[in-house]
Amino acid sequence: METKERIEWLRAELHRHNYNYYVLNTPEIDDRAFDRMMEELQRLEAEHPEMYDANSPTQRVGSDLNREFVQVPHKYPMLSLSNTYNKAEVADFYERVRTGLEGEPFEICCEMKYDGLSISLMYENGRLVRAVTRGDGVQGDDVTENVKTIRCIPLCLTPGTSYPADFEIRGEILMPWTSFEELNREREANEEPLFANPRNAASGTLKSKSSVVVARRKLDAYLYYLLGEEVPCDGHYENLQAARSWGFKISEGMRKATTLQEIFDFIDFWDGERKRLPVATDGIVLKVNSQRQQRALGFTAKSPRWAIAYKFQAEQAATQLRAVTFQVGRTGTVTPVANMDPVLLAGTVVKRATLHNADVMEQLDLHIGDKVLVEKGGEIIPKIVGVDKEARGADLGEKVRFVTHCPECGAPLVRYEGEAAWYCPNESACPTQIKGRIEHYISRRAMNIDSLGPETVDEYYRRGLIRNVADLYDIQVQQINGDGSREKSARKVVASIAASTEVPFERVVFALGIRFVGEIAAKALARNFKSIDALASATVEELSAVGGIGQVIARSVVDYFARPENRELIERLKAHGVRMELSEDELSAHSDRLAGQTVVISGVFARHSRDEYKAMIEKHGGKNAGSISAKTSFVLAGANMGPAKLEKARKLAVRILSEDEFLAMIEM
C-alpha cells in the first residue's frame with residue numbers, strides 16, 4: 001500500500017473507531033491497538049506535510065497555541081426557549097399549538113434538555129468547517145479548533161450516507177459527571193477554585209485558549225437540531241434519526257407524542273430516570289415535529305412559538321439565614337439578598353439567594369437566624385421559598401425590614417405606582433448606578449467596548465476619570481498607563497473607545513440605558529425617529545404610536561430626555577462623534593412603501609431567508625404578523641405554503657404575493 005493510501009486508510013479507520021467508541025459505545029479494538037494506529041498516522045503525517053488535513057484524527061489532540069476567539073454571525077439566529085414549570089403550562093402550550101394550526105393534526109417531539117453550552121456545527125461536503133457558540137443568539141465565538149478535540153463530534157461524516165452538501169446541526173457541549181468530579185479533584189489538589197457545576201466547567205473548558213486543555217477534559221456532546229436548505233425530511237425527529245446514521249451522537253431520550261397524555265408520560269418517566277444519566281439535565285424540550293408547521297407557527301421576538309422547555313421541579317434545601325443585604329442595580333432598583341450558611345443545592349454550593357422585593361420579604365416574615373427553605377428557580381437562580389417557623393427558638397434574631405434609604409448613596413428610596421420594586425432616585429450621584437450605566441454602555445450588545453470590564457470601570461471611577469459614559473471619550477493613554485508598563489493595553493483601551501463611535505444608531509439608543517428600553521424597543525425607536533433630536537422631542541403620544549412601544553416605555557423616554565443632565569450627556573457624546581442618527585446607507589435602505597401594512601410570511605423561499613424578508617418588511621415600514629386575520633394586508637408566500645393559512649387567506653380575500661412580486665413592490 002502506498003503512503004498516501006495508507007494515510008487515507010488510517011484516517012478512515014480511526015474516524016470509524018472513534019465513532020464506535022464515543023457514540024455507539026461498542027469498540028471493536030482495544031486502546032492499545034487504537035494508539036498504535038494513531039502513532040503510525042502521526043509519524044506518516046510528520047514525514048509528509050503535503051498530506052496535511054485539518055480534519056485528520058490526529059487534530060483531536062489539540063494545540064498549545066494561544067488563540068483569540070473570532071466573532072461569527074449565525075446564519076440562523078439561535079433563539080432561547082420559553083420556560084414552563086408545571087403541566088398546566090405545558091397544556092397551555094399544547095392548546096396554543098392546536099389553535100395556531102387551526103385543528104390540523106400535529107406531533108410533538110419530546111426530548112431531553114441537556115444542561116451545557118449550546119453549539120452550532122457547520123458541515124460542507126461531509127466535513128466539519130466551523131463550530132460557533134450561541135453567544136448573544138445573533139453571533140458567537142468561533143471555537144472550531146477546540147470542538148475538534150471532542151471525540152463524539154465527527155470531523156468527517158460516515159462515507160456512503162446521503163447527507164446534504166451544506167447543513168448546520170446544533171447541540172449541547174457537556175462535561176460528564178465523571179469528568180467533572182475528576183477535574184475538581186485535580187483542582188482541589190492544586191489549591192485552585194472548584195467549578196460549581198458541570199455546565200460552568202464545560203463552558204470554561206470550551207473557551208480555553210489551549211485546545212490541549214479542552215482535549216484533556218473529555219467533553220461530550222449531544223446534537224438536537226438540523227438546519228439547512230436541503231434537510232432530508234419535514235419531520236424534526238426523522239431528521240435527527242438521519243443525522244444519527246451520518247455519524248452524529250443523538251440522544252436516545254426522544255419520542256414523538258400525539259396526545260397531551262403521552263407528553264405527560266414522557267415527563268414523568270424522565271423526571272426520575274434523568275438522575276441515572278451520565279450528564280446533567282434540567283428539563284424536557286417539546287417541539288412541533290413538522291418543520292412546515294413550525295414555519296406556520298413562527299416566532300415571537302425572543303423564542304419560537306413551536307417549542308417550549310419544561311423545567312423539572314427545583315431541588316430544595318434547608319439552611320440558616322445569617323443576614324440580609326441590599327443591592328442597587330444600574331437603574332436604581334434595590335434588591336434584597338439573603339446571606340445564609342452554605343448548603344449544597346442541585347450540584348452547587350449556595351450561600352446567597354434573592355428575596356426579590358419588599359413585598360416578598362414581608363410575606364416570608366423573615367428573622368435573622370430563621371431556618372429557610374431554598375430552591376433554584378429553573379435550577380439556576382437560588383431563592384428563598386419558605387421559612388420553618390416551628391424551628392424558631394428563644395435566640396431568634398430581629399425581624400428583617402426593607403431599607404428606607406439607598407445603601408450606596410443614602411438617598412431616600414421611592415416606589416413608583418404599579419411597581420413592586422423600590423428605587424434610588426439619585427441617578428446622577430449614586431455610585432452603583434453610575435458604574436452600572438457605564439458597564440451597560442460598554443457591553444457587547446451596546447457599544448461593544450471590549451477592552452473594558454467592571455473592574456476597570458470601578459478603578460476609573462475611584463480615580464475620578466469617569467462619572468458618566470461621555471467621560472470615556474476624554475480618557476488619554478497617559479492617564480491609564482500607570483507606571484509606564486501598561487502602554488500597550490492603555491492604547492488598546494483608548495482605541496476601543498474611539499472605535500465605538502462607529503456603532504449604529506439603534507445600538508446607541510440601547511446603550512443609553514433608558515429604563516425599560518431594551519434592544520427591540522431601541523431598534524424600533526431608532527428606525528421610527530431616525531435621529532436622537534427627533535427622539536428627544538417626541539411626545540408620549542408620538543412614541544406610543546410606534547409598534548411595540550407602550551405607555552410605560554413612552555413615558556420613560558420622555559422622562560429621560562426631560563432631565564438636563566441627560567441632554568448635556570447627549571451633546572457631549574455628539575461632540576465626540578458618537579452616531580446620533582441613522583446613516584445615509586441605513587436611511588436609503590428604509591422607505592414607507594409598506595407603511596401601515598401588516599404582512600404574514602408563509603412557505604419556503606428561494607431568493608432570501610424568512611428572517612431576511614421580515615427585516616425587509618420592517619425596513620419599508622411594514623409590520624410582521626404570525627397569523628392571518630382581517631387586518632392582514634397581504635401574505636408573502638413561498639413554496640409549500642401552509643394549507644391552513646392558504647385556506648384562511650382565500651376565505652378572507654387576503655392578497656397572496658410571490659417572492660418576485662414582493663421584491664418588485666419594495667424596489668419601485
Side-chain angles (χ1 to χ4, degrees), residues 73-77 79 97 99-106 138 164-168 226-236 239 288-301 304-307 523-524 527 547-548 585-668:
H74 294 296
K75 183 176 181 181
Y76 309 96
L79 301 177
V97 169
T99 302
L101 294 175
E102 300 176 345
E104 181 183 347
F106 62 93
V138 177
D166 181 2
F167 68 90
E168 176 180 349
L226 186 67
L227 301 99
E229 303 298 325
E230 299 177 355
V231 294
C233 308
D234 175 61
H236 164 69
N239 280 332
V288 172
N289 193 52
S290 165
Q291 292 193 354
R292 176 184 60 78
Q293 291 177 332
Q294 289 178 9
R295 291 190 294 270
L297 292 166
F299 299 82
T300 66
R305 291 190 178 92
W306 44 265
K523 187 179 293 185
R527 290 178 177 177
D585 288 343
E586 289 170 320
L587 286 170
S588 63
H590 289 69
S591 77
D592 58 359
R593 293 190 182 105
L594 300 179
Q597 299 195 54
T598 299
V599 185
V600 173
I601 297 177
S602 181
V604 180
F605 300 95
R607 299 181 64 177
H608 297 279
S609 69
R610 292 169 66 88
D611 288 335
E612 287 172 336
Y613 277 124
K614 286 182 179 180
M616 290 180 199
I617 290 166
E618 290 179 359
K619 280 183 179 180
H620 293 285
K623 178 182 177 182
N624 288 291
S627 58
I628 296 172
S629 69
K631 295 181 179 179
T632 304
S633 304
F634 64 88
V635 177
L636 170 55
N640 300 320
M641 178 180 173
K645 283 187 175 176
L646 179 60
E647 182 180 348
K648 191 165 186 178
R650 288 172 175 167
K651 184 178 179 180
L652 296 174
V654 174
R655 276 196 307 162
I656 298 175
L657 299 184
S658 67
E659 280 187 272
D660 291 340
E661 289 171 329
F662 172 76
L663 292 172
M665 172 188 288
I666 63 174
E667 289 170 3
M668 289 188 299

Review item, side-chain donor-acceptor pairs of residues 645-653, under 3.5 Å, at least two apart:
residue, atom, partner, partner atom, Å
Lys645, NZ, Ala296, O, 2.9
Lys645, NZ, Gly626, O, 3.1
Lys648, NZ, Ile628, O, 3.1

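- Side-chain atoms of Arg305 do not come within 3.5 Å of backbone N or O of Gly298 as any donor-acceptor pair.
- Side-chain atoms of Leu297 and Leu101, non-hydrogen and from C-beta on, do get closer than 4.5 Å to each other.
- The CZ atom of Phe167 sits 11.5 Å away from atom CD of Glu230, with the distance rounded to the nearest 0.5 Å.
- Separation of atoms CD (Gln597) and CG (Asn624) is listed at 12.0 Å; rounding is to 0.5 Å.
- Panel note: side chain Asn239, backbone Leu226; no donor-acceptor pair is recorded below 3.5 Å.
- Without hydrogens or angle criteria, Gln291 side chain to His236 main chain gives no donor-acceptor distance under 3.5 Å.
- For the atom pair NZ (Lys614) and CD1 (Ile601), the distance works out to 6.0 Å, reported to the nearest 0.5 Å.
- Take Tyr613 and apply the ring pair (Phe, Tyr, Trp, His ring centres under 6.0 Å) test, not counting sequence neighbours, and it matches Phe605, His608, Phe662.
- In terms of modelled atom types and a separation under 3.5 Å, the side chain of Thr632 and the main chain of Phe634 share no donor-acceptor contact.
- Within the 4.5 Å cutoff, the side chain of Met616 has heavy atoms near those of the Leu663 side chain.
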>> For Trp306 and Val97: C-alpha separation, side-chain torsions, deciding distance, then whether side chain to side chain contact (heavy atoms under 4.5 Å, CB included) applies.
In response: CA-CA 7 Å; Trp306 44 265; Val97 169; 5.8 Å; no

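- Side-chain atoms of Asn289 do not come within 3.5 Å of backbone N or O of Gly235 as any donor-acceptor pair.
- The closest donor-acceptor contact from the side chain of Gln294 to the backbone of Val288 lies under 3.5 Å.
- The main-chain N or O of Arg292 is found under 3.5 Å from a side-chain atom of Asp234 such that the two form a donor-acceptor pair.
- For the atom pair CG (Leu657) and CG (Leu636), the distance works out to 7.0 Å, reported to the nearest 0.5 Å.
- A distance-only check finds no donor-acceptor pair linking the side chain of Ser633 to the backbone of Val599 [under 3.5 Å].
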